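To start, the structure itself, in structure tokens.
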There are 2 protein chains.
Amino acid sequence: MSADIVPLPQRSDRPPSLDPMLALTAHGMNSVNAVILDRMQSEIPLIPALAGHLISGGGKRLRPMLTLAGAELVGYNGARHHKLAAAVEFIHTATLLHDDVVDGSELRRGKTAANIVFGNPATILVGDFLFSRAFELMTEDGSLKVLKILSNASAVIAEGEVSQLTAQRQIETSEERYLQIIGSKTAALFAAASRIAAVVAECDERQEQALDDYGRNLGVAFQLVDDAIDYDSDAAAMGKDRGDDFREGKMTLPVILAYARGGEDERAFWRQAVRGDRTSDADLEHAISLIARHDALVDTRERARHFAQRAVDAISIFPDSKARQAMAEAAHFAVARGY
Amino acid sequence: MSADIVPLPQRSDRPPSLDPMLALTAHGMNSVNAVILDRMQSEIPLIPALAGHLISGGGKRLRPMLTLAGAELVGYNGARHHKLAAAVEFIHTATLLHDDVVDGSELRRGKTAANIVFGNPATILVGDFLFSRAFELMTEDGSLKVLKILSNASAVIAEGEVSQLTAQRQIETSEERYLQIIGSKTAALFAAASRIAAVVAECDERQEQALDDYGRNLGVAFQLVDDAIDYDSDAAAMGKDRGDDFREGKMTLPVILAYARGGEDERAFWRQAVRGDRTSDADLEHAISLIARHDALVDTRERARHFAQRAVDAISIFPDSKARQAMAEAAHFAVARGY
């Protein structure tokens, strides 16, 4: 228990926003974007074309932003983190490209997904290319500690994705298993992206760990809300098809809670749906109504709020600053998204 | 021009063999295999199951063997190269897994391919896992020079694969373009695997480059013969379906030569075949007869022999030794394979 809990920023005045974080990192993000654009080039024109389709597709670049914000928080004055933040975004982009092939996605960030435009083969291979480029960038920077953190995070992400695959269409997936999966597939990279800021700034282990904790909890909150949004907003807001997770039989928390809290009739419906026998729009509407009946979306967001608050508290070991406030507000924004 | 050309080993007595190379590296390969087995483990059982399907599938592990042979050649006495050789094999395995998805392969090393047994999604993701593990292993070793060589090789491999994809079904692919593609997709990793032996042994730049040259030329020879075998041996010998390249419209050298040397009728056939309009067994037999008519297989092997000889000559800067003889014979074996 700490007396130094960071207060919620002006919650009554305006909803939490990502704007302070964007302002904090705007200058650095220009440098990161320059590295990204420069290093996605290749003599093979298909590579920048495909990579650019996703990279210029309007993602928030939240993960590199975490590296930059973390660097601000710890008062780092160098420029090494720009290359490393670009490496983080390349790892993330490679993961998204492979995910879209794995899931057969049709939309990503509101645009036709790369696998649909360019085909699965090129999408897989350009993912591999960006992944290799990420390690080239890290190697150029030369920190073995950063390389260790990000190569480990990459392996954990892949493990999380495989774990999610084996949990797919498994109605008995528990909340604990689900949290483990999103901890690997999403939160590991958020944690690593934050942590490396402390590494380049040569902070002590406690500060490194605090940034890791911030990123990890933020990542869990972020994924929980993503999974909630798949059942409560329209495709345009999210940039992906609403109901994707439903049709793919993904066991996300809204479903896990609705199934756990439902009666036998409802459970029978969920079993059919998760098996893939209920994929119509009417079935999706029914699923949404069951989720609402048991407050499963509200409670998914409540769980997210818990992790966001842990993220905020993790950075309370640093003195109050614009950076700390921006990072705290970003955590609250992660929870409020899509409302 | 060098007076120190390595003579062909007892060519008249017996066909060139991989046995001296296998004997030279047998002890070290036990250590490499132990690292491979240890580091492909994961709490997610699907990962070792899928990785093991390919890894225990009887591959020759030629690439890690090159690292070990190179270490023998330069008299390295440490053990660092075992981990790095395992990393090389993980990169190669990740590439094969992704290739099989990209090509929709049905056989690999004489067994049902992983993508058929486990599905494309898991195959893609376990590839990503092994790729990450490779970088973890390199990071543990701690040589930034090795990391640079292998992260660059990985990016080049991906570029080569994309380049091959864009050349697919393009009848106008030239021999030069083809050599560029196999230089990237195959020879880059052969070169890197050899070169890192000189790095761990702290050799001078000239020796490093000689090992790089050996591996690169050997890799080109190896791929040329692989591409020849697809038109002249049965699936059992190769562990893959004969005619795979033909049905996928891959522009390999046998086809490039047969097309270049053919009359208008023959060219019309090749255009249809490469477009995908000639995929029957009879079409394959016709293709094989056209290739034979123009000595395109014989000459593909002749080209391979040229690169194998360059590989042999590249290591003539090292004093004669069992290692050098084994490596030279391995190069000749690469050309004689499948006869």
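Here is the naming used below: chain letters follow the sequence lines, and residue numbers restart at 1 for every chain. Small disclaimer: the values here were computed from a predicted structure and weren't measured.
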Once you measure the plane-to-plane angle for B/F131 and A/F131, does it fall in the parallel (<30°), tilted (30-60°) or perpendicular (>60°) bin?
tilted

Neighbours of chain B found in residues 147-162 of chain A - heavy atoms under 4.5 Å
A/L147, A/K148, A/S151, A/N152, A/S154, A/A155, A/A158, A/E159, A/E161, A/V162

Structural part of B/L144 lying under 4.5 Å from a heavy atom of chain A
both

Tell me, out of B/I91, B/L125, B/L46, who's got the most heavy-atom pairs with chain A below 4.5 Å.
B/L125

Which atoms of B/T166 come close to chain A, meaning under 4.5 Å heavy atom to heavy atom: side chain ones, backbone ones, both, or neither?
side chain

Anything in residues 175-197 of chain A with a heavy-atom distance to chain B below 4.5 Å? Please list those residues in order.
none

From the list B/S163, B/A134, B/A94, B/P45, the residue making the most non-hydrogen contacts under 4.5 Å with chain A is B/S163

Point-to-point distance, once rounded to the nearest 0.5 Å, from CE of B/M138 to OG1 of A/T139
8.0 Å

Among residues 112-123 of chain A, which ones touch chain B with a heavy-atom distance under 4.5 Å?
A/P121, A/A122

Taking atom CD of A/E202 as the centre, does the number of heavy atoms from other residues, nucleotides or ligands within less than 6.0 Å exceed 12?
no

Rounding to 0.5 Å, atoms CD1 (B/I124) and CD1 (A/I124) come to a distance of 4.0 Å

What residue pairs, at least two apart or across chains, pass salt bridge (Lys or Arg N to Asp or Glu O under 4.0 Å) with a residue in residues 83-100 of chain B?
B/K83-B/E140, B/D100-B/R108

